[in-house]
Number of protein chains: 2
Amino acid sequence: MDEESEKPERLDIPKKAIYRLSIYHRCLQKLKDNGQDTVSSTTLAKAAGVKPAQLRRDIGYFGQFGTRGLGYPVDGLIATIREALGREHLQPVILVGAGNLGSALLRYHGFQKEGFEVIAAFDARPDEARARTLNIPVHDVTELENFIFNNDVKLAILCVPIGFAQEVVNRLVASGIQGILNFSPIMLEVPADVTVNNVDLALELEHLGYFIR
Amino acid sequence: MDEESEKPERLDIPKKAIYRLSIYHRCLQKLKDNGQDTVSSTTLAKAAGVKPAQLRRDIGYFGQFGTRGLGYPVDGLIATIREALGREHLQPVILVGAGNLGSALLRYHGFQKEGFEVIAAFDARPDEARARTLNIPVHDVTELENFIFNNDVKLAILCVPIGFAQEVVNRLVASGIQGILNFSPIMLEVPADVTVNNVDLALELEHLGYFIR
DNA sequence: AAGTGTGAAAAGTTTCACAGCG
DNA sequence: CGCTGTGAAACTTTTCACACTT
């Protein structure tokens, strides 16, 4: 949620800018596929749905990459963003809680596409039948600690029922997990050097309720 | 994404405050279940994971409800928030795109719990077998317009493949949908009086990548 | 004494606007 | 000329701190 930790430099980059970086990355990928090799802030900004000045500012946080009068090199920018987001290498991820939502996420291939690999799932009562329909091993949750340690996993997706969330998180943190994508509608308590990202589906729907009349 | 529309007063309330309102609502519900009938900003704020001053400010956007020296009436606050979020009545919702993620969301009961009812799903090629495993009708997407009109639906959950997203959104908007919960990793174009809420799962995972070392 | 409501300060973020480079 | 890079202005949101009420 927050970090006043040991990371150099990077601390004064707005969190929202980090999110936009991923969006830019996707747009750049598409441009690259189309054979573009340079792009102006105006063009990229339009594709990403932001203002050109904001895009330039966001990119500026990481250095100077553009050529005045021309624009940015597509490949160069992609490399820079991958580097910034720590995505040079395939990142292993585990998923805890292979219930309805959890199994759906395992079948969802959006993660894989973006440089993450969900290498295993864990559940309190692994469902053999369901496990066979996924092509990822579903382990008993008791094996969590060993697996994380042996495979040097840093990221976890959490889909367990509310009542178990905090307990599981404590174990994840103790085993060395540094980032948690949390689908339980609950505020998790973690040390300052662990980042939690909440995805609260009901909350997003409720939020819309405010804007419809 | 933004609105400079005809809504009175409410325009100067921060969007983030609206999100927090849903969180407060949940915490209040829990307090009520525990038999509490008043709560101080300090207590509620701790439960919601925010600072007391922020909670008071957020609540203050909607009026004065507290009693100095005592706190807020739990019931009163719940009522106020429900009213603000437009949740006095059960809100019908449709889901478009009953693929992997879509069907998982249909099985997810978090929405129902929070006052929304997913009353129908639509798909380009409704899968009969899969439909039987859900207890919600899956219609052909051609019936979209009629259904929305006949049932006065205002909210839609969008889980179609990227390539179809904008096209479907145009139809939703033309049929009177005012709020869209979008799971496709794409920036949708909608008129200013329609609100889009993006839930981009891959992006959330990428965001975590920045914070792990 | 306990706790709200809120001006005013601080912090965070976006946008403008333009100098300066290729 | 076109487009980046960026100071400075504008705007938004959070936090402080305290007067005020029960």
Side-chain angles (χ1 to χ4, degrees), chain A residues 1-4 9-21 23-24 27-28 31 36-77 80-81 84 207 210, chain B residues 1-4 9-24 27-28 31 36-77 80-81 84 187 207 210:
Chain A
M1 235 75 232
D2 61 278
E3 28 1 90
E4 70 272 12
E9 271 301 307
R10 326 166 88 214
L11 291 193
D12 40 6
I13 298 170
K15 294 209 180 129
K16 290 189 168 181
I18 311 295
Y19 271 102
R20 288 189 298 261
L21 240 40
I23 300 176
Y24 303 154
C27 298
L28 286 162
L31 286 167
Q36 298 282 329
D37 51 328
T38 56
V39 64
S40 72
S41 60
T42 313
T43 308
L44 184 50
K46 197 166 297 171
V50 303
K51 298 234 164 108
Q54 181 161 72
L55 182 126
R56 295 200 298 276
R57 175 78 68 199
D58 285 346
I59 289 172
Y61 289 125
F62 298 93
Q64 302 183 185
F65 302 97
T67 309
R68 295 175 192 224
L70 222 194
Y72 298 95
V74 171
D75 278 332
L77 258 195
T80 303
I81 295 179
H207 186 242
Y210 179 80
Chain B
M1 236 76 230
D2 60 278
E3 27 5 86
E4 70 271 14
E9 270 302 310
R10 327 164 88 215
L11 291 191
D12 40 6
I13 299 171
K15 295 212 180 126
K16 290 190 168 179
I18 312 294
Y19 272 101
R20 289 189 298 262
L21 240 39
S22 301
I23 300 175
Y24 303 154
C27 299
L28 285 162
L31 286 167
Q36 297 283 327
D37 52 327
T38 55
V39 64
S40 72
S41 60
T42 312
T43 308
L44 184 50
K46 197 165 295 169
V50 302
K51 297 232 164 109
Q54 181 161 72
L55 182 127
R56 294 200 299 275
R57 176 77 71 198
D58 286 345
I59 289 172
Y61 289 125
F62 299 93
Q64 302 184 185
F65 302 97
T67 307
R68 295 175 191 222
L70 222 193
Y72 298 95
V74 171
D75 278 332
L77 257 195
T80 303
I81 294 179
M187 285 310 250
H207 187 242
Y210 179 80

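Below, chain A is the first sequence line, B the second, and so on; all start at residue 1. What you see is a predicted model, and the numbers here were worked out from it, not measured in a lab.
Backbone-only engagement by A/Gly71 is indicated by non-hydrogen atom pairs under 4.0 Å involving sugar-phosphate atoms exclusively. Using a 4.0 Å heavy-atom cutoff across all strands shown, B/Gly60 reaches no nucleic acid atom at all.
One can find a donor-acceptor pair under 3.5 Å joining the base of C/dT15 and the side-chain atoms of A/Arg57.
With values rounded to the nearest 0.5 angstrom, B/Gln54 atom CD is found 11.0 Å from B/Ile59 atom CD1. Considering NZ of A/Lys15 and CZ of A/Arg20, their distance stands at 13.5 Å, rounded to 0.5 Å. The structure places CG of A/Asp58 at 3.5 Å from OH of A/Tyr24, a figure rounded to the nearest 0.5 Å. For the atom pair OG1 of B/Thr80 and CZ of B/Phe65, the computed distance is 3.5 Å after rounding to the nearest 0.5 Å. Note that CZ of B/Arg56 and OG of B/Ser40 are 9.5 Å apart. Values are rounded to the nearest 0.5 Å.
In this structure, A/Leu77 and A/Leu44 have side chains that are in contact, with non-hydrogen atoms separated by less than 4.5 Å.
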Atom pairs under 3.5 Å: protein N/O with N/O of nucleotides 19-22 of chain D:
residue : atom : partner : partner atom : Å
D/dC20  : O2   : B/Arg68 : NH1          : 3.1

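Two residues, A/Lys16 and A/Ser40, neighbour DNA chain D, and the one matched to the more 5' nucleotide by heavy-atom proximity is A/Ser40.
Relative ring orientation between A/Tyr210 and B/Phe62 is described as perpendicular, the plane-to-plane angle rising above 60° on a 0-90° scale split at 30° and 60°.
When the C1' atom of C/dT6 is taken as reference, atom OH of B/Tyr61 falls 11 Å away, rounded to whole Å. With rounding to whole Å, A/Asp12 atom CG is found 14 Å from C/dT14 atom P. Straight-line distance from the CG atom of A/Asp58 to the C1' atom of C/dT15: 12 Å, rounded to whole Å. Rounded to whole angstrom, the span from the OH atom of B/Tyr72 across to the P atom of C/dA2 amounts to 18 Å. Taking atom CD1 of residue A/Ile13 and atom C1' of nucleotide C/dA11, one finds them 17 Å apart after rounding to whole Å. Computed from coordinates, the A/Leu77 CG to D/dC3 C1' distance equals 14 Å when rounded to whole Å. The nearest whole Å value for the distance from the CD atom in B/Gln64 to the C1' atom in C/dG3 is 14 Å. Between the CG atom of B/Leu44 and the C1' atom of C/dG3 there is a distance of 13 Å, given to the nearest Å.
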| task | Take B/Leu21 and B/Tyr61, measure what side chain to side chain contact (heavy atoms under 4.5 Å, CB included) needs, and give me the verdict at the end. | result | CA-CA 11 Å; B/Leu21 240 39; B/Tyr61 289 125; over 6 Å; no

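Sorted by residue number, the members of residues 45-56 of chain B with any non-hydrogen atom under 4.0 Å from DNA chain D read B/Lys51, B/Ala53, B/Gln54, B/Arg56.
Exactly one residue among A/Asp37, A/Leu55, A/Thr38, A/Leu28 makes a side-chain contact (heavy atoms from CB on, under 4.5 Å) with A/Tyr72. That residue is A/Leu55.
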